[in-house]
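So you know, we letter chains A, B, ... as the sequences are listed, proteins then strands, and number each from 1.
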2 protein chains.
Amino acid sequence: MDAAPEPERLDIHNSEIPVLCRSCEARHRGICGALTPVELTQLSRHTVKQKVESDRELVSAGEEVKHYSNVLSGVVKLTRLMADGRQQIVGLQFAPDFVGRPFRRSSEVSAEAATEVKLCSFPKQAMDDMIAASPDLERRLYQQALEELDEAREWILTLGRKTAAEKVASFLLMIAENVDPDGIAGGRPIRFELPLKRADIADFLGLTIETVSRQITKLRKAGVILVEHNRTVTVPSLSRLRERCEVDAG
Amino acid sequence: MDAAPEPERLDIHNSEIPVLCRSCEARHRGICGALTPVELTQLSRHTVKQKVESDRELVSAGEEVKHYSNVLSGVVKLTRLMADGRQQIVGLQFAPDFVGRPFRRSSEVSAEAATEVKLCSFPKQAMDDMIAASPDLERRLYQQALEELDEAREWILTLGRKTAAEKVASFLLMIAENVDPDGIAGGRPIRFELPLKRADIADFLGLTIETVSRQITKLRKAGVILVEHNRTVTVPSLSRLRERCEVDAG
DNA sequence: CGGTACCTTGAGCGGGATCAACCAGCGTGG
DNA sequence: CCACGCTGGTTGATCCCGCTCAAGGTACCG
């Protein structure tokens, strides 16, 4: 019989991956990693990759959701709005997070691009069918939901019990850790662009713009962070920043 | 309740259900509803029903978890503690909620009985195996996680943007709605026992005991609620209570 | 009885909100 | 080129909500 040599199988394998996905940054991360080439192909048939500029709304609170998305780059903020205009960011999503709420037609939160965002979106129905058919996919989604829940609870502690100074430090730490996920930098300085403007940070931390600004200034003057052009932050020592997250240093 | 139209079939059916589960309040709700009689039997082999008195710790932050539980009655509080003693309740679980964190050996939160609690606990390993084998079960857990996430985000808004008066009103509303899940009471008064003492309410809302007490007094004097023996609350009109959740009435 | 757990109430203070002014960067149009 | 408005950020002065500290009340239990 005819031999099935390895290299060929690999070629065939690759050719099964949809063009759209081949160069995708999130191809092996997030939920896509749980899909077989066949499933990926099926899904990609309805998929649109798009770039969304900052401040554009992706999902509007209360409206029926027709699409899910994967974040490929940038940051999406999930916000809740009160009748009188008070606003709170209830979650932040980074690549390769999945944006959407299975098992509900709509939700109370709206999703908005905090920065320029690249994402991959697909029709809810197609995805729902695939979820129902693929336990692996559902498991990934479940895991992400649990991680978001952990994060949400972390922020509940921050919002409920920390001072303004601690809140701002905690926020900066979260961003820094997101930039350098597994402490690869070791003791080296970490430098990054803040994905949120002051108003968003305030909405995230349950503070006002002015308080956020003052606390950032205080951290800067204390040498815990360096700030250039308002948005570029350098953290010389993660541990010094971490100290600021728990004790209201005098 | 159980007006059995077909006694015989019911008997046969019942005989497949483990003894432990036959009279369980949560038998058809929560995750157990997703299990087949066979699975139920398998799981119940390692299951223990227990009663836990108020304030006993079920799961300790950071420690390895060996058991999951189902809440059959009572309220479990999930708390996070800071190094200096500040505490925050990050979640409340009612019957028939599932308590546990799949895919992690431990978590940052500890679980404590807020009231006397009846629960059904089973070894983590047995449950993990069953989750892996049963997509239906996993789906239930996923759905519960999403609902907890929705609730967590609701409370993030409350913690971040509401005043003390609004926080307390929102808490009472949440409890009232939990007691009367689908507005069966219509316009009728709702009466219930507060499952949390003042200290817990404070930890839940990011306030102090004193502030909680003062706000409850204020609601009582305004006729929005009636309070007997500190813990028994009557809400004559849900909608009047609901008004207090958004607008800081003068 | 006294002891303890839980709750309420009052007096005073302070952290963060509010109100207001100002600054820097940047795109637009004259 | 500068004038202009606009967005985003900083800083200062003042105010007030909720915290802190302190005292007292009530129910329950030995």
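Taking only side-chain atoms of Glu210(A), from C-beta outward, the nucleotide of dG16(C), dG12(D), dG10(C) with the closest atom is dG12(D). Nearest nucleotide to the Thr211(B) side chain, out of dC19(D), dA17(C), dG12(D): dC19(D).
Within the 4.0 Å cut-off from OP1 or OP2 of dG16(C), not a single side-chain nitrogen or oxygen of Thr208(A) is found. Applying the 4.0 Å criterion to OP1 and OP2 of dT9(C), one finds that Thr217(B) has a side-chain N or O inside that range.
Looking at every heavy atom in both residues, Thr163(B) comes nearest to Glu166(B) through N-OE1, 2.9 Å.
Scored by the ring-ring contact (aromatic ring centres under 6.0 Å, His included) test, Phe98(B) finds Tyr68(B) as partners (sequence neighbours excluded).
Across all strands, Ile216(A) comes closer than 4.0 Å to no nucleic acid atom at all (heavy-atom distances).
Residue Ile209(A) contributes atom CD1, which lies 14 Å from atom C1' of dG16(C) at whole-angstrom precision. The separation between Lys162(A) atom NZ and dG15(C) atom P is 19 Å, rounded to whole Å. Distance CG (Leu207(A)) to P (dT18(C)): 11 Å, rounded to an integer number of Å. The nearest whole Å value for the distance from the CG atom in Asp55(B) to the C1' atom in dA5(C) is 11 Å.
The distance from atom CG of Leu78(B) to atom OG of Ser110(B), rounded to the nearest 0.5 Å, is 8.0 Å.
Note on residues 207-216 of chain A: no pairs pass salt bridge (charged side-chain N to carboxylate O under 4.0 Å, His left out), not counting sequence neighbours. Under the salt bridge (charged side-chain N to carboxylate O under 4.0 Å, His left out) criterion, the residue pairs touching residues 215-237 of chain B are Arg191(B)-Glu228(B), with sequence neighbours excluded. The salt bridge (charged side-chain N to carboxylate O under 4.0 Å, His left out) analysis of residues 55-83 of chain B, with sequence neighbours excluded, yields the pairs Glu154(A)-Arg80(B), Glu53(B)-Arg56(B), Asp55(B)-Lys197(B), Glu64(B)-Arg105(B), Lys77(B)-Glu112(B), Lys77(B)-Asp200(B).
Only at 4.0 angstrom or more do the heavy atoms of residues 195-205 of chain A sit from any atom of DNA chain C, so none qualifies. Across residues 218-236 of chain A, Asn230(A), Arg231(A) each have a non-hydrogen atom less than 4.0 Å from an atom of DNA chain D (numbered order).
Between the side chain of Arg214(A) and the base of dG15(C) there is no donor-acceptor pair of N/O atoms closer than 3.5 Å.
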**Request:** Would you check, one step at a time, whether the test salt bridge (charged side-chain N to carboxylate O under 4.0 Å, His left out) holds for Glu177(B) with Arg242(B)?
**Result:** CA-CA 11 Å; Glu177(B) 286 180 335; Arg242(B) 198 169 282 118; 2.9 Å; yes
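In this structure, the side chain of Lys118(B) does not engage the main chain of Ser73(B) through any donor-acceptor pair within 3.5 Å.
A 6.0 Å sphere centred on NZ of Lys49(B) holds more than 12 heavy atoms belonging to other residues, nucleotides or ligands.
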